[in-house]
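Hydrogens, waters and symmetry mates play no part in the numbers below; they use all other heavy atoms, side chains included. Chain letters run A, B, ... following the sequence lines, proteins first, then strands; residues in each count from 1.
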There are 2 protein chains.
Amino acid sequence: MKPIYQRIADDLREQIADGTLPPGAKLPTEADLREKYGTSARSTVRQGLSLLVNEGLIVPQRPKGYFVREIRPLVYRPQDEFRRKPPEVDIYTHLLASTGDERRPAQDIEVSIVEPGPTVRKRLQLSETDLVAVRRRTRRLDGEAYNLNDSYAPLSLVEGSEWMTPADVARGTNTVLAELGRELVRALDEIYVRMPTPEEVRRLDLGPGTPVAEHVVTTFAADDSPVQVTINVVPGDRHVIVYERVKDPRDEDRPRSNWGAE
Amino acid sequence: MKPIYQRIADDLREQIADGTLPPGAKLPTEADLREKYGTSARSTVRQGLSLLVNEGLIVPQRPKGYFVREIRPLVYRPQDEFRRKPPEVDIYTHLLASTGDERRPAQDIEVSIVEPGPTVRKRLQLSETDLVAVRRRTRRLDGEAYNLNDSYAPLSLVEGSEWMTPADVARGTNTVLAELGRELVRALDEIYVRMPTPEEVRRLDLGPGTPVAEHVVTTFAADDSPVQVTINVVPGDRHVIVYERVKDPRDEDRPRSNWGAE
DNA sequence: AAGTGGTCTAGACCACGCA
DNA sequence: GCGTGGTCTAGACCACTTA
């Protein structure tokens, strides 16, 4: 016999999965569940609900009750190359249309000079004593934070340039880098999936049970030396990360190009 | 004043972060903590510990105690993993090297015919009555599951072909698709970050507090019609996802290609 | 046998949003 | 003021692993 709290979680999880409890629906109260499962110790019911909270399926809204989580994923496209008329447009217009998206973007920008952490130092190939400049941005949609975007560049490169302006740079900071002789021609993306730190929970106002993707972009100049590292922290419940790939003719001589299939 | 259970979690989290409690270390027992924080209700202590469990920082090993999670087979060595030329190669050789390179890969393959779920149906542009074939694979390294890889194709396309062989296909299933006149030339990747379902926890033997990336690859033929959908479920604690991008000359006419920086 | 965490009981008081 | 979830008390018995 399964423990009561697991039965509670399993039953509710199934109701959420099959649509009996659609997104936004109110769940039974703790008292309801206590009665229904004959347990009558609140902790047992709460233990079951906490499973679902930590799975990101429900959120408690005190003192209104528990509600099925509503997700509004935004498309997060590290790439920017959609020039065919692709079927994926259907997928995403659908995703976005269903959320009725007229949210206004905004962002906070802070620029400072710091000692790089090991992640940044390694990717920028800096020595122990080198300093970096960092543009920290918290990007919002109608006030709701939806990702963190911290760009790091060697201080020796960007010092005194417009890159360090703590405001939007109309022609783009990458244009500034190009003007400094460091045009970006190649990028390496690494994506780590993990639970957020308390700091990230605070900055992004994350609910419990929300994992994040840490998206580290290292960009290189034409001589293959690194120019900039950007660390994006994107909440799993607010984004889908999208890439498009086209068959590269240079792959022809390879035995199998697997496309992620095997 | 913060609640006791949060103080417990905060204190332990800090000790884990600063190395006082290194990976693999044993935490104080519930009884120890009860005494130390003067709370003497087990539930309070357990509430604090459960925070850390759900953050993926610690794991309970009954009845030995709680231990700091040992993970991140992806931690980079302070070496030259970012050399010139294709850096991603270095990352992966490093990844394998750091995990003890002699692990033998294996996989279970099952093939069946099912009604597609909405995710698959939409991406394959199927009607309500169309069926799909699915190759479900659980891929292992020395017995430890490290990802799930389910490929879906229209039954009408692959029926009777080698694609449906429930075993490794030496020349690759994509070659089989090419022989069927549906060579894959383009792919759309979507990455969703979320907590795993109980089913995934079981198949991948995930610890608590381990998020997953659901990596959906839709592949297209030369005529831009979808051929196959592959859903990879990859545990966050065992993988880093890497893409490399090269500046596309066709992007020149665009005002700003952002490289993920803004 | 001892010690650990897993589950559960039967209460208590509090903080907060809403009617 | 009422109902909700948030926190906490002070116990109980059980399952499992190791000594």
Side-chain angles (χ1 to χ4, degrees), chain A residues 1-13 16 21 24-70 198 201-202 205-210, chain B residues 1-13 16 21 24-69 198 201-202 205-209:
Chain A
M1 189 59 156
K2 271 197 174 181
I4 297 174
Y5 78 97
Q6 280 185 27
R7 295 216 324 269
I8 295 176
D10 290 347
D11 290 352
L12 291 172
R13 192 186 295 109
I16 292 169
L21 288 169
K26 183 177 185 303
L27 272 71
T29 66
E30 292 181 356
D32 293 339
L33 293 169
R34 219 173 49 198
E35 188 178 356
K36 176 169 178 191
Y37 289 87
T39 168
S40 292
R42 269 182 72 205
S43 67
T44 300
V45 169
R46 285 173 63 75
Q47 199 176 354
L49 290 168
S50 79
L51 284 183
L52 301 181
V53 168
N54 285 313
E55 289 170 22
L57 292 177
I58 67 176
V59 286
Q61 284 183 24
R62 197 171 60 151
K64 294 196 271 187
Y66 290 87
F67 292 82
V68 180
R69 190 152 183 164
E70 301 187 76
V201 169
R202 191 178 54 72
D205 192 27
L206 298 176
T210 307
Chain B
M1 189 60 156
K2 272 198 173 179
I4 297 174
Y5 78 97
Q6 279 184 27
R7 296 217 320 272
I8 295 175
D10 289 347
D11 290 351
L12 291 172
R13 192 188 293 110
I16 292 170
L21 289 169
K26 184 177 183 304
L27 272 70
T29 66
E30 292 181 356
D32 292 339
L33 293 169
R34 217 174 50 198
E35 188 179 355
K36 175 169 179 189
Y37 289 88
T39 167
S40 294
R42 268 183 72 205
S43 67
T44 299
V45 170
R46 286 172 62 75
Q47 199 177 353
L49 291 167
S50 78
L51 284 182
L52 302 182
V53 168
N54 285 314
E55 289 170 23
L57 292 177
I58 67 176
V59 286
Q61 284 183 24
R62 194 170 62 150
K64 294 198 267 186
Y66 291 87
F67 291 81
V68 180
R69 189 152 180 169
V201 169
R202 193 178 51 72
D205 191 27
L206 298 176

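Note on residues 35-44 of chain B: pairs passing salt bridge (charged side-chain N to carboxylate O under 4.0 Å, His left out), not counting sequence neighbours, are B/Glu30-B/Arg42.
When DNA chain D is scanned in the 5' to 3' direction for atoms under 4.0 Å from non-hydrogen atoms of chain A, the outermost contacting nucleotides are D/dG3 to D/dT7.
Residues satisfying the side chain to side chain contact (heavy atoms under 4.5 Å, CB included) test with A/Thr44, not counting sequence neighbours, are A/Ile4, A/Tyr5, A/Thr39, A/Ala41. Legend: residues meeting side chain to side chain contact (heavy atoms under 4.5 Å, CB included) with B/Pro60, ordered by chain and number and at least two apart, are B/Val53, B/Tyr66. Here A/Asp10 pairs with A/Lys2, A/Arg13 under the side chain to side chain contact (heavy atoms under 4.5 Å, CB included) rule; sequence neighbours left out. In terms of the side-chain hydrogen bond (donor to acceptor under 3.5 Å, both in side chains) criterion, B/Arg7 has no residue partners (sequence neighbours excluded). Partners of A/Gln61 under the side chain to side chain contact (heavy atoms under 4.5 Å, CB included) rule, at least two apart in sequence or in another chain, are A/Val59, A/Lys64, A/Phe67. For B/Arg202, the side-chain hydrogen bond (donor to acceptor under 3.5 Å, both in side chains) test picks out B/Glu199, with sequence neighbours left out.
Axis orientation changes by 10° from one end of the helix from C/dA1-D/dT18 to C/dC18-D/dG1 to the other, with each end axis drawn from 5 pairs and the value rounded to 10°.
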- request: Evaluate the side chain to side chain donor-acceptor pair (under 3.5 Å) criterion for residues A/Ser43 and B/Arg46: first the C-alpha distance (whole Å), next the side-chain angles of each, then the deciding distance (0.1 Å), finally the verdict.
  value: CA-CA 12 Å; A/Ser43 67; B/Arg46 286 172 62 75; over 6 Å; no

When you compare the protein's N or O atoms with those of nucleotides 17-19 of chain C, which come within less than 3.5 Å of each other, and at what distance?
none

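Interface residues of residues 43-55 of chain B facing DNA chain C, ordered by number: B/Arg46; criterion, heavy-atom separation under 4.0 Å.
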